[in-house]
Amino acid sequence: MSAAGGTSNTATLNRFHSAVNSGDLGAISKAIDECVAPDLVFHAPVPMGATGAEALKRVWEALLRAFPDIHVAVEETITEGDKVVSRNTVTGTHRGEYQGLPPTGKTVTYNEIFIFRFVNGRIAEIRGIVDVLAQLRQLGALPS
């Protein structure tokens, strides 16, 4: 892949992150439709009954319900070939049910790393690690 292709993939990912940080589910859904392949392979726990880009939409519906002010700060990106790695810090206030926990009003800050593989300028595969342990500890669901 050319350097221009890597730059384009990074720009696509930046566009997706901008939509996510808007807090607008409609904008996020539109960005998923435009930036993500419909048959996305998503290597992460996703809502049952959904696959592909639809699963990613459901993940963001659940996150926005739980953390309406969620913000993904991209700390670092690495682009190589058809992949872009994004290391992020995520913040949000727990205002809705999350993982079976009723709203606590507590703020959370946690880290995540995602590897995005692109095909024809769209996200075709996502692999990620999210520090769910930090989330649950900050919400009081687990001891510190």
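Keep in mind the model is a prediction, meaning the values are calculated, not measured.
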Subject >> In one Ile/Leu/Val/Met/Phe/Trp/Tyr side-chain cluster, 4.5 Å: Val36, Leu25 >> reply: yes
Original post:
Considering all heavy atoms of both residues, which atom of Gln99 and which atom of Glu97 are nearest to each other, and what is their separation?
Top reply: N-OE2, 3.3 Å
Original post:
Can you tell me how far CG of Leu139 sits from OG1 of Thr104, rounded to the nearest 0.5 angstrom?
Top reply: 5.0 Å
Original post:
Can you check whether Val130 reaches Phe114 side chain to side chain, under 4.5 Å on heavy atoms?
Top reply: yes
**OP:** Kindly say whether Gly26 contributes a backbone atom to a donor-acceptor pair with the side chain of Ser29 at under 3.5 angstrom?
**Re:** no
**OP:** Would you kindly confirm whether Val20 and Val85 end up in one hydrophobic cluster when ILVMFWY residues are joined by side chain heavy atoms under 4.5 Å apart?
**Re:** no
Subject >> Same apolar cluster: Phe42 and Ile113, side chain cutoff 4.5 Å >> reply: no
**OP:** Would you mind telling me which of Val90, Val132, Thr91 makes a side-chain contact (heavy atoms from CB on, under 4.5 Å) with Tyr110?
**Re:** Val90
Original post:
Of all residues at least two apart in sequence or in a different chain, which pass the salt bridge (Lys or Arg N to Asp or Glu O under 4.0 Å) check with Glu75?
Top reply: none
Original post:
Does some side-chain heavy atom of Thr109 sit less than 4.5 Å from a side-chain heavy atom of Thr89?
Top reply: yes
Original post:
Within a radius of less than 6.0 Å around CD1 of Ile129, do more than 12 heavy atoms belonging to other residues, nucleotides or ligands occur?
Top reply: no
**OP:** For Arg65 and Tyr98, indicate whether the former's side chain and the latter's backbone hold a donor-acceptor pair under 3.5 Å.
**Re:** no
Original post:
Which pair of heavy atoms, one from Ile32 and one from Arg122, lies closest together, and at what distance?
Top reply: O-NH2, 4.4 Å
**OP:** For residues Asn9 and Gly121, report the shortest heavy-atom separation together with the two atoms involved.
**Re:** OD1-CA, 4.0 Å
**OP:** Indicate the atoms forming the closest heavy-atom contact of Ala19 with Ala31, along with that distance.
**Re:** CB-CB, 3.5 Å
Subject >> Heavy-atom closest pair, residues Ile70 and Asn21 >> reply: O-OD1, 4.2 Å
**OP:** Examine distances only and state if a side-chain atom of Gln138 and a backbone atom of Lys106 form a donor-acceptor pair shorter than 3.5 Å.
**Re:** no
**OP:** Verify, without hydrogens or angle tests, whether Asp69 (side chain) and Thr93 (backbone) share a donor-acceptor contact under 3.5 angstrom.
**Re:** yes
**OP:** Taking salt bridge (Lys or Arg N to Asp or Glu O under 4.0 Å) as the test, write out the residues that go with Arg87, two or more places apart.
**Re:** Glu76
**OP:** Compare all side-chain heavy atoms of His43 with those of Ile115 and state whether any distance is below 4.5 angstrom.
**Re:** no
Original post:
At what distance, to the nearest 0.5 angstrom, does CD1 of Ile123 lie from CZ of Arg117?
Top reply: 11.5 Å
**OP:** Indicate the ring-plane relationship of His94 and Phe67, choosing parallel, tilted or perpendicular according to the 30° and 60° boundaries.
**Re:** tilted
Original post:
Is there a path from Leu64 to Leu101 through hydrophobic residues (I, L, V, M, F, W, Y) whose side chains come within less than 4.5 Å of each other?
Top reply: yes
Original post:
To the nearest 0.5 Å, how far apart are CD in Glu61 and NZ in Lys57?
Top reply: 9.0 Å
Original post:
Out of curiosity, Leu13 CG to Phe116 CZ, how far, rounded to the nearest 0.5 Å?
Top reply: 5.0 Å
Original post:
Is it the case that one hydrophobic cluster holds both Val74 and Ile78, taking links as side-chain heavy atoms less than 4.5 Å apart, direct or via other members?
Top reply: no
Original post:
Nearest heavy-atom pair of Ala27 and Ser22: which atoms, and what distance?
Top reply: CB-OG, 3.8 Å
Original post:
Hey, is the main chain of Gly52 close enough, under 3.5 Å, to the side chain of Asp39 for a donor-acceptor pair?
Top reply: no
Subject >> From Ile126 atom CD1 to Leu40 atom CG, the distance as rounded to the nearest 0.5 Å >> reply: 4.5 Å
Original post:
Hey, are Thr10 and Thr77 close enough side-chain-wise for a donor-acceptor pair under 3.5 Å?
Top reply: no
Original post:
Can any side-chain N or O of Arg95 pair as donor or acceptor with the backbone N or O of Ala66 at less than 3.5 Å?
Top reply: no
